[in-house]
Q: 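Handing you a structure now.
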Amino acid sequence: MSILYFSLYSTFILGLTGLAFHRTHLLSALLCLEGMMLSLFIFISIWSMMLNCTSHSIAPMILLTFSACEAGTGLALLVATTRTHGSDHLQNLNLLQC
């Protein structure tokens, strides 16, 4: 395993563990998701360059588009929960009270 693959895997795993163990704020969860998506984008970009196939070269752009949509939706949810609940603490959010 080269150092590039090791750094990409460790970046993804670091974002996943941050998402799993650090659940205090919604913003930190969104940042962990963005880190995971960026590591996947870099990995798929390198993979499509290694294949030298033009049919796989659109996959990183599709992933980047979905990542931007996910970030916009996450920030909209962050603003909405901050306005309704007063903070972005995940412990205060209860879907049964809606």
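Computed from a predicted structure; not experimentally measured.
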Q: Could you give the distance from CZ (Phe6) to OH (Tyr9), rounded to the nearest 0.5 Å?
A: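 Between atom CZ of Phe6 and atom OH of Tyr9 there are 11.5 Å.
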Q: Begin from the C-alpha positions of Tyr5 and Phe43 and carry the test side chain to side chain contact (heavy atoms under 4.5 Å, CB included) through to its verdict.
A: CA-CA 8 Å; Tyr5 291 133; Phe43 184 72; 3.9 Å; yes
Q: Would you give the length of the straight line joining atom CG of Leu4 to atom CD1 of Ile46, rounded to the nearest 0.5 angstrom?
A: 4.0 Å
Q: Which heavy atom in Leu30 sits nearest to a heavy atom in Leu75, and how many Å separate them?
A: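 Looks like CD1-N, 4.3 Å.
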Q: Nearest 0.5 Å please: distance from the CE atom of Met37 over to the CG atom of Leu64.
A: 8.5 Å
Q: Can you check whether Leu78's main-chain N or O pairs, donor with acceptor, with Thr82's side chain at less than 3.5 Å?
A: yes
Q: Starting at CE of Met49, measure out to OG of Ser57 and round the result to the nearest 0.5 Å.
A: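 If I round to the nearest 0.5 Å, the distance is 11.5 Å.
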Q: Would you confirm whether Thr73, through its side chain, and Glu70, through its main-chain N or O, come within 3.5 Å as a donor-acceptor pair?
A: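 Side chain of Thr73 to backbone of Glu70: no pair is present.
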Q: Rounded to the nearest 0.5 Å, what separation is found between the CD1 atom of Ile44 and the CD1 atom of Ile58?
A: 12.5 Å
Q: Hydrophobic cluster membership, with links at side-chain heavy-atom distances under 4.5 Å among I/L/V/M/F/W/Y: are Leu14 and Leu8 in one?
A: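 No.
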Q: Taking all heavy atoms of Cys32 and all of Leu19, pick out the closest pair and write down the distance.
A: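 Heavy atoms only, the tightest pair is SG-N, 3.7 Å.
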Q: Going only through I, L, V, M, F, W and Y residues with side-chain contacts under 4.5 Å, is there a path from Met50 to Phe41?
A: yes
Q: Please report the interatomic distance OG(Ser39) to CD(Glu34), rounded to the nearest 0.5 Å.
A: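 It comes to 10.5 Å.
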Q: Please walk me through it: do Thr11 and Leu38 pass side chain to side chain contact (heavy atoms under 4.5 Å, CB included)?
A: CA-CA 9 Å; Thr11 303; Leu38 285 175; over 6 Å; no
